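See structure below.
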Amino acid sequence: MAATELILLVAGITAIGVLAQLLADRLQVPTIIFYIAAGLLLGPVSAYLSGFLPFLGGRIIDPASFGDALPAIVGLSVAIIVFEGAFHLRVERIREAPA
């Protein structure tokens, strides 16, 4: 995969993440729901649908596209998701929870 294709792929994934964040804020639901839905649609579901829709040509996003950098990308993504979840915690709600 050429560097240009990889940059476009990462930019597309970032755009989908921003769209998921905006949609979650608008609907007032946890962002992780849209992250999971987008991940499933772009990965395994698109691979499954390619059997019925040959023009898809397999997974839209293939893990092999990232090569050896995939574990680092996954680790960074998990850190961002956990930070985003902690950012939206409300201390008042934790204090109100029963011990």
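The residues of the chain are indexed from 1 along the displayed sequence. Every value quoted in this text rests on a predicted model; they were computed, and no experiment measured them.
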Between side-chain atoms of residues 33-41 and protein atoms elsewhere (two or more places apart, or another chain), which donor-acceptor pairs fall under 3.5 Å?
from: Tyr35; atom 1: OH; to: Gln21; atom 2: OE1; distance (Å): 3.3

Inset, instruction - Not counting sequence neighbours, which residues clear side-chain contact (heavy atoms from CB on, under 4.5 Å) with Ile80? List them please. - result: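 side-chain contact (heavy atoms from CB on, under 4.5 Å) check on Ile80 returns Leu76.
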Legend entry - Listed partners of Val78 passing side-chain contact (heavy atoms from CB on, under 4.5 Å), at least two apart: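 Partners of Val78 by the side-chain contact (heavy atoms from CB on, under 4.5 Å) criterion, ordered by chain and then number, come out as Val74, Val82.
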Identify all side-chain donor-acceptor contacts of residues 7-20 below 3.5 Å with residues at least two apart in sequence or on another chain.
from: Thr14; atom 1: OG1; to: Val10; atom 2: O; distance (Å): 2.8

